[in-house]
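Lettering follows sequence order; numbering is per chain, from 1. What you see below is based on every heavy atom in this structure, not just the backbone, and it leaves out hydrogens, waters and symmetry mates. All figures in this text were calculated on a predicted structure; none of them were measured in a lab.
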Amino acid sequence: MRWNPNFIDAKWQNQWTIDGLNKVDDNDSKPKWYELTMYPYPSGDTHIGHWYAMAPADAHARFRRMQGYNVLHPMGFDAFGLPAENAAIKRGVHPRSWTMANIEKMRKQLKSMGTIYDWDREIICALPNYYKWNQWLFLKLYEAGLAYRSDAPAVWCPSCQTVLANEQVIEGQCERCGTPIVRRKLNQWFLGITEYADELLESSENLDWPDRIITMQKNWIGRNEGTEVSFDISHMGINEKDIKVFTTRPDTLYGVTFMVLAPEHPLLPLLTTKENKIAVTSYVEKAINRSDIERLSTDQEKSGVALGSYCINRINNEKIPIFTSDYVVSWYATGAVMGVPAHDQRDFEFATKFNIPIKQVISPEKSFSQTKELPEAFVGSGFLINSEQFNGEENTNAQQSITSFLSSAGWGKSTRTYRIRDWLISRQRYWGTPIPIIHCSNCGLVPVEEDKLPVLLPENAEFKPSGESPLARHEEFRNTECPSCSTPAYRETDTMDTFFDSSWYFLRYTSSQLDTASWDPEKVKKWLPVDQYTGGAEHAVMHLLYARFFIKALRDIGLLSIDEPFLRLFNQGHIIADGTKMSKSRGNVVNPDPYVEELGADVVRTYLMFVGPWEGGGEWNDSGINGIARWLNRIWELVTHDPKPNIETQKLPKVDELIQRRLHQTIRKVHNDLDSFKFNTAIAALMEFSNDLQEIRKTKNYDPKTWINTCKTFLIMLSPIAPHITEELWEILGEKNSIHKQLFPSWNDSIAEENQIPLIVQINGKMRDRIIVPSGIDEKEAEKTALESPNVQRHLEGNSINKIVYVQNKIINIVVS
RNA sequence: GCCGGGAUGGCGGAAUGGUAGACGCGGCGGACUUAAAAUCCGCUGUUAGAAAUAACGUGUGGGUUCGAGUCCCUCUCCCGGCACCA
């Protein structure tokens, strides 16, 4: 190393702090730019994956700042969550001390990256000055009817000993620990995200987000148009008079030969006959206790049991036997399915197994008379048969006519159903925000008064998981009195999902120190929405969807006036090691510190940006990192060594022109690449340019003034990527003001333009020669020059020219017979 | 099963329908050095050739085009998402 990176890193990080270079001024009159990167969970070690997420984001934010924006690029810690609790249980330390010690360590490591975070704005969600506002926002949502308690069947992770949101289930397994989940009926807190399903779907069209994320959110919301049909059970003598089903195929209504209720369906016990009770109860119990993976595996044989009762298909008055089966799930649509075995493969399999009649009602041909036995369900389109007045109708048509018939009869209606469920936010764990509600036997649910917030998380809880919240066993916390009637009452003891914290943290950055409100409305008005968000795609249907919902809900409550939190989104890839995600438990964490110590922060930053497109991520491999160290070394040499040009040569103006041309080409390329997160090619362009400068220096034919100015411009372009070495060299070149206060250079297309270009000569599309011609020559001239080429002549021998295709400044293709 | 994205040298990767392999790593050869490291110079897709050059070459097979890594169709494999969703 020709320069001492450790010395320079420390020198400038210190100097920038002293100068307040990265303080963000809310009153700055420059246009604002809010560039946000997802805040990390303080797991203890900043690994190379964190750098991969943060260093390029920092370079981009710096680039925006150099374009003249007032840039807010904050950092904080997603400090509540299970790992702290698990680590605490394992090691006997308190989650708070574990978390705070980790934050301490991570903050130091993040500072070593040389980022522009304004640490005065840091947020830590696990501190009362943050979670107080979680509680306050919860109460606002509660007042608005968007937070409610309900008995819906919840997803339960047997290992984490808590309920989860549907979004936290990946292929039937807990997102965090991979344990197969089960469903339990529990009384839990939900947020009404489904009320916003349509808006979430529709307004995503206007976001500058990757298509795949928008698609994932669309699929997750899963809006489906169909028909709700009610089947008559009034003969059963119970309160409910019908079973409602949702179907996308109302055209097959005459083909219904059975009804299936989900094992959790509320009507199930009421519709089970005495004779069938034992069989049904045992089936239901088994089904409910199975994990989703077992239960929803598509390759198992259909199972089920008859309830012994029937319902009436009102359209034709047929008696339809009722079954229960685990292929019908309670958490989608109405939890009941009309069985049309002739036209649905699942129903077909069920009917075959239980010897239920299969009645065909759609035929591929119009003149169809006789029902043959179907080998499998016919799911194609065709014409209705066995359907009374609708016979002969095209089935797509019949979907509408049957639906309107049902509507006018009051037996059904056209409707929509959604896959998305309301967001379950209760967690039976300790290390989270206490839900600020009091349960009173007289008054029911009573919100904690605002001036009593925060409801503090007690320090001395026994947090070993037991299936109920640790706070439930904390008498002092649990026992309180009702704010409204003053009788003894108890506190809600569940805590909030940590995605609650991250749904609004970006608002808090604008006024993180404020203790009289969740945020300063003026500042939020100034900074929001986030102009550019960067982070991993794994949050597509969790954090990103929740945050969008939050903003819309808070807008409707009157706390905000924006519709969307994040205007632009960029998903960077992930650095993996040994083929999987880096994690402490897997023991494959790559620590950046040794690299930083050996090579300096700039080398690590630059290398991470150079290895490939940012969205790609990839396997960690340090084989090329020395190449970056060598390059920065060469730059050090280039700038610090007196050029000593031979100013007497006559070629001087020409070389100057060449330098200028290459410089302007490079500015254009680097500007456009940084603008669109293409750091790898921006760095490649800077490398090419520095290689050119080295060649030029060897000639000694240039004006020293041009040389120095060119070096300075080059350093400015490199400074968002490698902030320390460029600042040092900037100082060495005699500059007094920080390089990071300079504007990004602009280019001039006419200076960048080449006057001599290589023209590719092809014969029948194969390259035969490249000739240097003046830029912009016309076809005739190009043709003449091309035909003069000996190699071209050789290939033309004995052939006649059919056609010549000329593309100016690119190619000339001679087509011969 | 459905919906996305992808497959380019030994490796990471680059290429508005117009020179495939920029840039970097690694490798080979050379200079400097007592030597090594560092640094510098040259070569480096495959095959043939001393070279000029030629043929071949972007997962498979076809197509459109003067011209295809790029556009269209087929298949294979890999990655991500969803999935007994009614």
J.: Tell me whether the rings of A:F354 and A:F350 are parallel (<30°), tilted (30 to 60°) or perpendicular (>60°).
T.: tilted

J.: Compare side-chain N and O positions of A:N691 against OP1 and OP2 of B:G24 and report whether any pair is under 4.0 Å apart.
T.: yes

J.: Would you say the side chain of A:N813 and the base of B:C66 hold a donor-acceptor pair, judged only by whether the two atoms sit under 3.5 Å apart?
T.: yes

J.: Tell me whether the OP1 or OP2 atom of B:C66 has a side-chain N or O from A:K766 closer than 4.0 Å.
T.: no

J.: For RNA chain B, what residues of residues 611-620 of chain A have any heavy atom nearer than 4.0 Å?
T.: A:V611, A:P613

J.: Just N and O in the side chain of A:H343: are any of them under 4.0 Å from OP1 or OP2 of B:A86?
T.: no

J.: If only side-chain N and O atoms of A:N680 are considered, is one of them under 4.0 Å from the OP1 or OP2 phosphate oxygen of B:A14?
T.: yes

J.: Is the phosphate of B:A54 approached by A:R794 (side-chain N or O, under 4.0 Å from OP1 or OP2)?
T.: yes

J.: Indicate, with a heavy-atom threshold strictly under 4.0 Å, whether A:R223 touches base, sugar-phosphate, or nothing.
T.: nothing

J.: Starting the side chain at C-beta, find the nucleotide from B:G18, B:G24, B:C85 nearest to A:W331.
T.: B:C85

J.: OP1 or OP2 of B:U39 sitting under 4.0 Å from any side-chain N/O of A:R634?
T.: no

J.: Both distances under 3.5 Å, Watson-Crick or G-U wobble: report the partner of B:A20, or none.
T.: none

J.: Determine, using ring centers only, whether A:F499 and A:W423 are less than 6.0 Å apart.
T.: no

J.: Establish, with yes or no, whether the OP1 or OP2 oxygen of B:A83 is under 4.0 angstrom from a side-chain nitrogen or oxygen of A:R419.
T.: yes

J.: What is the nucleic acid contact for A:E688, judged by heavy atoms within less than 4.0 Å: base, sugar-phosphate only, or nothing?
T.: sugar-phosphate

J.: Hey, which sits more toward the 5' end of RNA chain B by its nearest nucleotide, A:K810 or A:E301?
T.: A:K810

J.: Can you find a side chain N or O atom of A:R770 that sits less than 4.0 Å from OP1 or OP2 on B:G18?
T.: no

J.: If you look at every strand shown and take non-hydrogen atoms under 4.0 Å, does A:W220 touch a base, only sugar-phosphate, or nothing?
T.: sugar-phosphate

J.: Examine B:A86: is either OP1 or OP2 under 4.0 Å from a nitrogen or oxygen in the side chain of A:N224? Give yes or no.
T.: yes

J.: Regarding A:V328, tell me which of base, sugar-phosphate or nothing describes its non-hydrogen contacts under 4.0 Å with the strands shown.
T.: base

J.: Quick check on RNA chain B: between A:I811 and A:K803, whose nearest nucleotide comes earlier from the 5' end?
T.: A:I811

J.: How is A:K678 classified with respect to the nucleic acid when contacts are heavy atoms under 4.0 Å: base, sugar-phosphate, or nothing?
T.: nothing

J.: Does any donor atom in the side chain of A:D749 or A:W747 lie under 3.5 Å from an acceptor atom in the other side chain?
T.: yes

J.: Do you see a donor-acceptor pair shorter than 3.5 Å between the side chains of A:S789 and A:N791?
T.: no

J.: Quick one: label A:V815 by what it contacts on the DNA or RNA (base, sugar-phosphate, nothing), any heavy atom closer than 4.0 Å.
T.: sugar-phosphate

J.: Looking at every strand, decide which applies to A:V245 at a 4.0 Å heavy-atom threshold: base, sugar-phosphate, or nothing.
T.: nothing

J.: Under 4.0 Å between a side-chain N or O of A:R768 and OP1 or OP2 of B:U19?
T.: no

